[in-house]
Amino acid sequence: MADVRLAESALDPVAEIAAFNARYPTSGGIVTFLGQVREGGGVEALELKHYGPMTLPGMVELARITQARWPLEGLLIVHRSGIMCPGDPIVLVAAAARHRRDAFEAADFAMDHLKSESWFWKREKTANGWRWIEPREQDHDDLERWR
Amino acid sequence: MADVRLAESALDPVAEIAAFNARYPTSGGIVTFLGQVREGGGVEALELKHYGPMTLPGMVELARITQARWPLEGLLIVHRSGIMCPGDPIVLVAAAARHRRDAFEAADFAMDHLKSESWFWKREKTANGWRWIEPREQDHDDLERWR
Amino acid sequence: MARLIFLGRLEDIAGTGEMSVASGPVEHILAALDPALAVQLLGEKVRMALNGRLLTDMGGIVLGEGDELAFLPPVSGG
Amino acid sequence: MARLIFLGRLEDIAGTGEMSVASGPVEHILAALDPALAVQLLGEKVRMALNGRLLTDMGGIVLGEGDELAFLPPVSGG
């Protein structure tokens, strides 16, 4: 059972993790990834845009593929859209499995694909104004690991 | 800064994760691993024994090696000893880094080494009584990935 | 009428996220746009989706009444 | 006096986690134990630590007053 959501307003990772952990007492290992807007470095705000007809359906499909590839007992994918401030959570992925390697790999895989194969567009605001963020070369290399 | 502890009594992973996340607002990515005693499968209790002069010093050394290998902003390793029940947390690892791959790899590395290169001995109780758990072949293969 | 949707940086270039256009062949619709925008929309990294489905080949696409054509520059999530 | 420490399944075999023994060469100490236990302690997967430090070679070890020799079977954490 995957729980996949696009969050238009603040996401509470601790509450999400608490609920997820409580749901999977039979899982030997639970891996979570929290991505957040970095404090420092001059970023004043970050905006993530999505495209209604494709973004959430794409995330649901990613969850399906992830569950088909690893024997998971639970999978959570929550991704913000909208404007965020430094320190705000952007994305939370949690994977529960009997064995820890499956949980690690599934969470890692889901994050790599959210980062550079999901329908989000990100821009950040610094003292110089807003700037769109293009995917990094590293993001493509990360994806290649799974092919 | 690593936070490394041997917990002789119940460990509260949600409180630990909340405190860890709050400590690292400059980290773009935080990966946590929670290992817990599986419910179901007939295990009634699990006991982890340690050896005072070596177990915690070994965990501290593991944290040092992990931090030397990846650029982390924070690392948490908490491992239970004593008797646990199904659903109880056994181990919690959290790694905070600017970039997500460093956090994923560091947490994965620390877990592989806690599992089969740290000074713990584990036994479980089923209807047939207590039985010592030997490391699995898979655990050794997991370690080999880092050499 | 049909709709063009501009995502990410294409929204900045177009000055709007969405534009109503007359139905018809996509090439005619693009030819009627500001050429600076049209060049960006046809960039090799820009993908297109018709009514939420990714197009693998844009040749010969005709927008009908109520169709929505989205222009998708490289993504960046997480 | 010195101390032997039995970890993991070795504690079950010894029937105790800890045993006081007279100081002296380890081989003499082991020879005085129940042979069934001594065989297990010398198993190839069992490592030894003297006062908390892993021994790489047990040859010629002599336990002095207050020394602690631990027998460490394969570990299993997490």
Side-chain angles (χ1 to χ4, degrees), chain B residues 6-7 11 33-38 46-62 77-81 84 89-93 107-125 129-140 142-143, chain D residues 1-21 23 26 29-30 33-59 61-78:
Chain B
L6 184 62
L11 125 76
F33 175 85
L34 169 64
Q36 51 191 11
V37 184
R38 279 186 209 108
L46 183 140
E47 181 173 20
L48 271 155
K49 300 238 189 184
H50 72 282
Y51 178 43
M54 295 177 74
T55 306
L56 184 58
M59 290 166 65
V60 169
E61 174 64 5
L62 171 60
I77 298 178
V78 194
H79 201 298
R80 272 297 309 274
S81 74
M84 283 152 273
I90 307 171
V91 58
L92 180 69
V93 167
D108 198 6
F109 174 91
M111 269 313 304
D112 280 349
H113 287 75
L114 283 169
K115 198 87 182 180
S116 52
E117 281 225 326
S118 293
W119 300 107
F120 289 101
W121 295 270
K122 183 162 62 181
R123 57 177 190 157
E124 57 184 37
K125 189 184 178 200
W130 285 98
R131 184 178 70 90
W132 289 99
I133 308 297
E134 294 274 316
R136 302 176 304 151
E137 193 56 44
Q138 179 66 41
D139 294 327
H140 292 294
D142 290 345
L143 266 190
Chain D
M1 298 297 284
R3 250 195 331 267
L4 304 185
I5 305 284
F6 308 118
L7 277 310
R9 62 177 172 77
L10 297 177
E11 177 177 347
D12 288 357
I13 295 167
T16 177
E18 183 170 334
M19 184 185 287
S20 285
V21 293
S23 306
V26 170
I29 294 169
L30 292 182
L33 297 178
D34 174 352
L37 173 59
V39 163
Q40 292 292 328
L41 297 180
L42 293 169
E44 74 174 323
K45 286 183 170 174
V46 175
R47 288 180 286 178
M48 272 172 280
L50 180 59
N51 300 326
R53 291 187 169 272
L54 209 56
L55 295 174
T56 48
D57 177 13
M58 72 152 301
I61 298 287
V62 176
L63 296 191
E65 194 58 28
D67 276 349
E68 178 167 305
L69 182 68
F71 292 87
L72 313 161
V75 295
S76 170

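What you see below is based on every heavy atom in this structure, not just the backbone, and it leaves out hydrogens, waters and symmetry mates. Within every chain, numbering begins at 1; the chains are lettered A, B, ... in the order of the sequence lines, protein sequences first and strands thereafter.
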Please name the residue in the list B/Arg131, B/Arg123, B/Lys125 that meets the salt bridge (charged side-chain N to carboxylate O under 4.0 Å, His left out) test with B/Glu47.
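Exactly one pass, corresponding to B/Arg123.
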
Under 4.5 Å heavy-atom distance to chain D, tell me which part of [X] shows up: side chain, backbone, both or neither.
{"X": "B/His50", "answer": "backbone"}
{"X": "B/Lys115", "answer": "both"}
{"X": "B/Ile90", "answer": "side chain"}
{"X": "B/Glu117", "answer": "backbone"}

Please report the interatomic distance CG(B/Leu56) to CG(B/Leu62), rounded to the nearest 0.5 Å.
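The CG atom of B/Leu56 sits 11.5 Å away from the CG atom of B/Leu62.
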
B/Trp132 ring centre to D/Arg9 NZ or CZ under 6.0 Å, with the angle to the axis within 45°?
no

Listed by chain and number, what are the side chain to side chain contact (heavy atoms under 4.5 Å, CB included) partners of D/Glu44, not counting sequence neighbours?
none

